[in-house]
Amino acid sequence: VYGRGTGNFSINLKNEITYYGGNISVKEGVVPIDFGSKLPAPEPNKKTNDKWRMNLKVGVDRNVWLRNREADIEFGGDLYIIKEQGPLYLAGTLQTRRGDFYWLSHTLKVTEGQITFVPEEVIDPQLDFRAELNTRERSRKAENKEITIILRASGTLSEPIFEFFSDPPDYSEQDILTYLNLNITWEEMESIKQGNYVGEVLPRSLLAWLETGVSRQLRKYTGMDVIRIDAPFFEAGQKTKLTVGKYVSRNLFITYTYDFTTFSNQFNVEYFINDKNEIMVKREETGEYSLEYQYRIRF
């Protein structure tokens with residue numbers, strides 16, 4: 001785990017018990033913990049030093065990432081590290097700000113969610129986030145609307161539960177898993193011939209796998225916070241795009257997208273006045289600019 005921050009820390013001694021306290025503001029950090037991992041738990045019947053207490057607040061505005069084989073997700077929020085009579089525990093909630101969830105050759109965009117730490121002896125936070133993927137399919141039931149695959153993650157970090165559904169609800173979970181694993185729907189699988197599968201679907205699946213792998217390796221070696229390559233060469237009318245994003249300072253995040261098909265570009269500039277106020281400047285592919293102001297309320 002890597003982190004960097006500032007704040008204050010105090011140590012007091014009373015009745016032979018040491019009290020630790022303070023308020024830490026984390027500027028940036030990376031937590032490389034895999035889903036399904038169990039954090040170290042206290043050994044049973046092991047005697048521990050109970051002559052100290054702790055109440056430490058850790059505030060995270062942004063630029064703290066959960067990064068593992070399945071995801072790159074940015075979080076913000078408040079955590080409390082507490083030690084009373086008994087084991088140390090964590091309490092608090094971290095909300096998602098942006099991120100990607102990877103399923104084989106597909107990248108689902110995280111749209112909302114949070115991780116909640118409950119005050120228990122074993123540190124095992126609860127998951128609740130949502131990620132989406134636009135498909136190349138159109139709904140036959142909802143006025144030809146594009147079908148979006150939605151992932152809902154729940155459970156705990158050690159025992160996560162991943163559930164899939166679609167909007168509009170045209171796909172069953174089996175249909176969605178077939179699409180994600182093979183990059184082909186059940187309808188396509190039933191109608192397509194073996195020669196077409198080898199000549200069209202297989203290259204498309206391999207290319208999608210390469211896109212995801214190359215994007216993640218580039219992010220690792222360039223130091224970018226976000227790198228995404230969209231290259232649907234086998235789909236008519238789709239565009240090839242490169243998106244990069246980076247915190248150029250603690251309060252300034254810039255996202256830039258270049259379209260290799262139309263040679264156009266767009267960018268977003270997010271300026272964080274503080275943890276509640278944010279100004280966004282956007283430039284669309286059409287060349288139009290927009291200015292947005294956001295105010296966040298936590299409750």
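The analysis underlying the following values was restricted to heavy atoms, covering all of them including side chains, and did not include hydrogens, waters or symmetry mates. Since the structure is predicted, the reported quantities are computational estimates derived from the model, not experimental observations.
A donor-acceptor contact shorter than 3.5 Å links the side chain of Asn68 to the backbone of Ile33. Listed for the Arg283 side chain is a donor-acceptor partner under 3.5 Å among the backbone atoms of Asn265. The backbone N or O of Thr107 lies less than 3.5 Å from no partner atom in the side chain of Asp100, so there is not a single donor-acceptor pair. Between the Glu132 side chain and the Ile150 main chain, no donor and acceptor come within less than 3.5 Å of each other.
The same ILVMFWY cluster, assembled from side-chain heavy atoms under 4.5 Å apart, contains both Met54 and Ile11. Cluster annotation: Ile73 is connected to Leu90 through the hydrophobic network of ILVMFWY side chains, with a link wherever side-chain heavy atoms come within less than 4.5 Å. Linking Ile, Leu, Val, Met, Phe, Trp and Tyr whenever their side-chain heavy atoms come within less than 4.5 Å puts Leu291 and Leu252 in one cluster. In the hydrophobic cluster analysis, where Ile, Leu, Val, Met, Phe, Trp and Tyr join through side-chain heavy atoms closer than 4.5 angstrom, Val31 is grouped apart from Trp65. Hydrophobic clustering (side-chain heavy atoms under 4.5 Å, transitive across Ile, Leu, Val, Met, Phe, Trp, Tyr) groups Phe164 together with Tyr171.
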Exercise. Could you go step by step and tell me if Phe9 and Leu56 meet the side chain to side chain contact (heavy atoms under 4.5 Å, CB included) rule?
Worked result: CA-CA 8 Å; Phe9 191 78; Leu56 182 66; 4.0 Å; yes
Exercise. Are Tyr247 and Arg62 close enough, and set up right, to give a side chain to side chain contact (heavy atoms under 4.5 Å, CB included), and what steps lead you there?
Worked result: CA-CA 10 Å; Tyr247 275 99; Arg62 65 195 74 90; 3.3 Å; yes
For this session: Output, in order, the C-alpha distance, side-chain angles, deciding distance and verdict of side chain to side chain contact (heavy atoms under 4.5 Å, CB included) for Glu28 and Tyr2.
Result: CA-CA 8 Å; Glu28 60 178 309; Tyr2 163 80; 3.8 Å; yes
Exercise. Which is it for Lys14 and Asn12 under the side chain to side chain contact (heavy atoms under 4.5 Å, CB included) test, yes or no, and what are the steps along the way?
Worked result: CA-CA 7 Å; Lys14 183 178 180 181; Asn12 297 294; over 6 Å; no
For this session: Test side chain to side chain donor-acceptor pair (under 3.5 Å) on Asn55 and Tyr19 and set out the steps.
Result: CA-CA 8 Å; Asn55 191 334; Tyr19 293 86; over 6 Å; no
For this session: Please test Asp175 against Thr178 for side chain to side chain donor-acceptor pair (under 3.5 Å), starting from the C-alpha separation and ending with a verdict.
Result: CA-CA 5 Å; Asp175 294 334; Thr178 301; 5.6 Å; no
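Between Arg152 and Glu163 there is no salt bridge, since no side-chain nitrogen of the basic residue lies less than 4.0 Å from a carboxylate oxygen of the acidic one. Arg98 and Glu270 are joined by a salt bridge, as a carboxylate oxygen and a charged side-chain nitrogen come within less than 4.0 angstrom of each other.
Tyr80 OH to Thr93 OG1: the interatomic distance, rounded to the nearest 0.5 Å, is 10.5 Å. Atom CZ in Arg53 sits 12.0 Å away from atom CG in Leu88 (nearest 0.5 Å). Separating the CG atom in Asn251 from the OH atom in Tyr271 is a distance of 5.5 Å, to the nearest 0.5 Å. Here the NZ atom belonging to Lys57 is positioned 10.5 Å from the CG atom belonging to Leu79, to the nearest 0.5 angstrom. Between atom CG of residue Leu127 and atom CD1 of residue Ile161 there is a gap of 9.5 Å, rounded to the nearest 0.5 Å. Note that OH of Tyr289 and CZ of Phe267 are 4.5 Å apart. Values are rounded to the nearest 0.5 Å.
Between Tyr89 and Glu84, the shortest heavy-atom distance links the atoms OH-OE1, 3.7 Å. For the pair Pro168 and Ile147, the tightest heavy-atom approach, listed with the atom from each and the gap, is CD-CA, 4.1 Å. In plain terms, the two heavy atoms of Tyr102 and Ala71 that are nearest each other are CD1-N, 3.8 Å. Residues Arg67 and Asp72 approach most closely at CG-OD1, 3.0 Å, considering heavy atoms. The shortest heavy-atom contact between Leu133 and His106 is CD2-ND1, 3.8 Å. Shortest non-hydrogen contact noted between Ile176 and Ile149 is CG2-CG2, 3.5 Å.
The 12-atom threshold is not exceeded at CD of Glu159, counting heavy atoms of other residues, nucleotides or ligands nearer than 6.0 Å.
A heavy-atom distance below 4.5 Å is not found between the side chains of Tyr256 and Thr243. Side chains of Ile115 and Phe75 form a contact here, defined as non-hydrogen atoms less than 4.5 Å apart. By the 4.5 Å heavy-atom criterion applied to side chains, Asn63 and Arg97 are not counted as neighbours.
Residues Thr148 and Asn134 have side chains that bring a donor and an acceptor to within less than 3.5 angstrom of each other.
Using cut-offs of 30° and 60° on the angle between ring planes, the pair Phe101 and Phe129 is tilted.
For Glu292, the salt bridge (charged side-chain N to carboxylate O under 4.0 Å, His left out) partners two or more places apart in sequence, or in a different chain, are Lys282.
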